[in-house]
*Asks:* 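Sending over a structure as structure tokens; questions will come in a sec.
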Amino acid sequence: MSLDLTIRDLVVKTREGRSLLTVERLDIPAGSRIGIRGPSGAGKSTLLFAVAGLLKPASGTVAWGKHLVSDMGAAERARFRRENVGLVFQDFLLFEELSSLGNAAIAARYAKRSSRRRIVESARAGLARLGLDTLGGRRVDSFSGGERQRVAVARALANDPAIILADEPTASLDRASADLLIDDLAALSSETGRTLIAVSHDAALHARMDLVIDVVDGRPLV
Amino acid sequence: MVPEFWSEFWYGLPVVAQDALWFVFLLLPAILAGVAVVWSYRPFSLVRAMIWRYRWTNALFVLLIAVSVGLGVGLIAQERGIRKGTARAAEKFDLVVTAPGSEVQMMLATVYLQPVDVPLIDGATYDAIASNENVALAAPIAYGDSYRESSVIGTTAAFVTHLSGDLTDGRMFQAVDEAVVGARVPLDVGDSFTPSHGVGDGAEEHAHDGVSLRVVGRMAPTGNPWDKAILVPVESVWKVHGLPLGHRPERDGQIGPPFDPDYFPGTPAILVRADQLWANYALRSEFTTERTMAFFPGAVLSQLHGLLGDVRQVMSVMAVVTQLLVAAGVLAGLAVLIRLYARRLALLRALGAPDRFVFSVVWTYAATLIGAGAVLGIGVGLAAVGIISRIVTARTDILVEASLGWPEFHLVAGFVSLTVLIALLPAFAALSRDVITDLRS
């Protein structure tokens, strides 16, 4: 399954009504690898959260294929993310007391009974693909930063999503770990035709993207 | 209105079954809430990980619940234990005859050995009681002397046997200078002592100098203040006070009944035991005269307990109110604790976990802490009643054996149900938080 992203006249405001992000028109074909960069506070993460369906825009539309995310209620958006989106965060956001598989397969805890086994198998395969299958049942708080972020990537992939959204995925990693992760993300996208959108300051990551969009003062320069 | 078939069914059940059903009924809201909230999800290992993450904070929270529950449980168990203990201490005292006065004061003096100055019952009265055809045992109880912490009571061998059965050590007193000691008197068989005149701080230590009594036996424990008493032949008490010995001169040396009314110096109280239960009532009215007062210590005690019944209700209400306050505290505590997990909960919601799953995680976390606190609280309650019972027993010499019973388990079940239902509130509150704000925090 591949989903094109279409954004029209999107406006995101703070609760107080201040404008955070304005996107008049943005089209991203399915399977693209997109980098987003810009100064701090420019609205990069807000754009990522808007396309993830984590926030409700003040106006305009965000659509992934036929899924009009901007019109959905919170529960529907959660379902959309559950079924179509994999998220990776700067500081991993893992449950430190769980094992790598416990984290990667976390979606199995709230998935439909019929898809639990598939999620666990997929998480296991993802961990193996990322070279983490030898770490066994150790709790992830004993892992290095690079290993933790790869567990987070395996978690993002466990439900076989069409979209991977990453917020500064290499910012907490040393150079070597960051390069390995960039290789993994790029490969995972190109091998399976997933759309990858990554907010990052990392030029090495930008170099592996199909397109890099600059966001300045709450507007993407496209 | 309760349907008739229901009340017939209910009152037809054994008491244990009624108590057990009440327990289940009180716990049912918690169980139903748990099933409804967790249904079709698997939040448990996640909750375990969350609890472990802030284990010391969570442990402290559990401990606070446990101490609160333990104190509530201990309070009502202890009250019941004391009530039972005092009642058991009076069991052996069927009917007591004394000079007219306050029944409560006489009961305290005779059953619980709290000294009091009272007029004596004369020989003719004693003789009338002892020779009544329905009386199986009429024993003088002559208090007033002491040795250290122990009251020295003059009585008869039959009363000693009535009170504690066979002796655990030695033999019964057979002469005026012999004594049998209670189970907890720090004197051994073979030891000698000199009694003081009076009891407690006012005792005159050297009033009976030259008198030496020898311990010849030890009673089995009775669980009442008589365990610390020293029992001597009543003739011994009369002798040390320079009074006639209760028998004609030609029967000098006799110990125990029958006594001769002309030589009977008097006794502050007489324990009367009838051969038939009904006869006790006849004897009470017979011996309620201008010169004597007859009363059932058990009845006086239950009057006192009845008076204290209101206090008991107040205590029960206090225990429940305390638990309600604890529940409110638990709510406030949970609201704070759940903020510790705000970022992880926001993560779950960002990943697309349904609200009901996040709700079940928060609620299961709260219910686990509450449940652990309640179970630990029962342990704290057990320990508390054990310690307090020992202290009360040591202070009053009344054996108090408090143990946890159904009322305590009912209280805990009600507490658990109430608090886990209250815990739904912070679970709802967790869902109203802004995901992006918490993710960035």
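Keep in mind that this is a model prediction, so the values were computed, not measured. Numbered from 1 within each chain, the chains take letters A, B, ... in sequence-line order.
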*Asks:* Sort Ser360(B) into side chain, backbone, both or neither according to what part of it lies under 4.5 angstrom from a heavy atom of chain A.
*Replies:*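 For Ser360(B), there is no contact with chain A at all, as no heavy atom is under 4.5 Å.
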*Asks:* Heavy-atom distance under 4.5 Å to chain B: side chain of Leu94(A), backbone, both or neither?
*Replies:*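 Leu94(A) touches chain B through backbone heavy atoms alone.
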*Asks:* If we only count heavy atoms from C-beta on, is the Ile106(A) to Leu348(B) side-chain gap below 4.5 Å?
*Replies:*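 Yes, close enough: below the 4.5 Å cut-off.
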*Asks:* So what's closer than 4.5 Å to chain B heavy atoms on Phe80(A): side chain, backbone, both or neither?
*Replies:*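 Phe80(A) has no heavy atom closer than 4.5 Å to chain B.
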*Asks:* Distance-only check: which donor-acceptor pairs under 3.5 Å involve side-chain atoms of residues 351-358 of chain B, not counting sequence neighbours?
*Replies:*
| from | atom 1 | to | atom 2 | distance (Å) |
| --- | --- | --- | --- | --- |
| Arg356(B) | NH1 | Ala36(B) | O | 3.3 |
| Arg356(B) | NH1 | Val37(B) | O | 3.3 |
| Arg356(B) | NH2 | Trp39(B) | O | 2.9 |
| Arg356(B) | NH2 | Ser40(B) | OG | 3.4 |

*Asks:* Does CZ in Arg129(A) sit with more than 12 non-hydrogen atoms of other residues, nucleotides or ligands closer than 6.0 Å?
*Replies:*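 Yes, enclosed.
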*Asks:* So which atom in Arg81(A) and which in Arg349(B) form the shortest heavy-atom distance, rounded to 0.1 Å?
*Replies:*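 Shortest heavy-atom separation between Arg81(A) and Arg349(B) comes out as NH2-O, 2.8 Å.
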*Asks:* Hey, is CD on Glu24(A) packed in by over 12 heavy atoms from elsewhere, all under 6.0 Å?
*Replies:*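 Not more than 12 within 6.0 Å, no.
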*Asks:* Can you establish whether the number of heavy atoms outside Trp406(B) located under 6.0 Å from its atom CH2 is more than 12?
*Replies:*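 Result for CH2/Trp406(B): enclosed.
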*Asks:* So what's closer than 4.5 Å to chain B heavy atoms on Asn159(A): side chain, backbone, both or neither?
*Replies:*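 Nothing of Asn159(A), per the 4.5 Å heavy-atom cut-off to chain B.
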*Asks:* Give a yes or no on this: more than 12 heavy atoms of other residues, nucleotides or ligands lie within 6.0 Å of atom CH2 of Trp52(B).
*Replies:*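 It does not: Trp52(B) CH2 has 12 such atoms or fewer within range.
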*Asks:* Evaluate the criterion side-chain contact (heavy atoms from CB on, under 4.5 Å) for residue pair Leu439(B) and Leu93(A); output intermediate values, then yes/no.
*Replies:* CA-CA 9 Å; Leu439(B) 273 180; Leu93(A) 280 178; 3.5 Å; yes
*Asks:* For the CG atom of Leu98(A) and the CG atom of Leu46(B), what is their distance to the nearest 0.5 Å?
*Replies:*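 That separation rounds to 6.0 Å.
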*Asks:* Apply the test side-chain contact (heavy atoms from CB on, under 4.5 Å) to residues Phe89(A) and Arg440(B): give CA-CA distance (whole Å), side-chain angles for both, the deciding distance (0.1 Å), then the verdict.
*Replies:* CA-CA 10 Å; Phe89(A) 300 92; Arg440(B) 285 173 162 168; over 6 Å; no
*Asks:* Is Arg117(A) atom CZ crowded by more than 12 heavy atoms from other residues, nucleotides or ligands, each under 6.0 Å away?
*Replies:*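 No - once you tally the heavy atoms of other residues, nucleotides and ligands closer than 6.0 Å, there are 12 at most.
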*Asks:* Between Arg55(B) and Glu97(A), is there a side-chain N and carboxylate O pair less than 4.0 Å apart?
*Replies:*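 Not counted as a salt bridge, because no side-chain N and carboxylate O are separated by less than 4.0 Å.
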*Asks:* Are any side-chain N or O atoms of Arg53(B) and backbone N or O atoms of Glu96(A), one a donor and one an acceptor, separated by less than 3.5 Å?
*Replies:*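 A pair under 3.5 Å: no.
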*Asks:* Just checking Phe44(B): does its CZ atom have more than 12 heavy atoms from other residues, nucleotides or ligands closer to it than 6.0 angstrom?
*Replies:*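 For Phe44(B), atom CZ is crowded (more than 12 foreign heavy atoms under 6.0 Å).
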*Asks:* Could you state the interatomic distance from CZ (Arg48(B)) to CZ (Phe95(A)), rounded to the nearest 0.5 Å?
*Replies:*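 So the gap between those two atoms works out to 13.5 Å.
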*Asks:* Please check if the number of heavy atoms outside Asp217(A) that lie under 6.0 Å from its CG is greater than 12.
*Replies:*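 No.
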*Asks:* Quick one: what part of Ala52(A) sits under 4.5 Å from any heavy atom of chain B, side chain, backbone, both or neither?
*Replies:*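 It is neither, since no heavy atom gets under 4.5 Å.
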*Asks:* Quick one: what part of Arg139(A) sits under 4.5 Å from any heavy atom of chain B, side chain, backbone, both or neither?
*Replies:*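 Arg139(A) touches chain B through side-chain heavy atoms alone.
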*Asks:* So does Arg79(A) have more than 12 non-hydrogen atoms from other groups sitting under 6.0 Å from CZ?
*Replies:*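 Incorrect, the count does not exceed 12.
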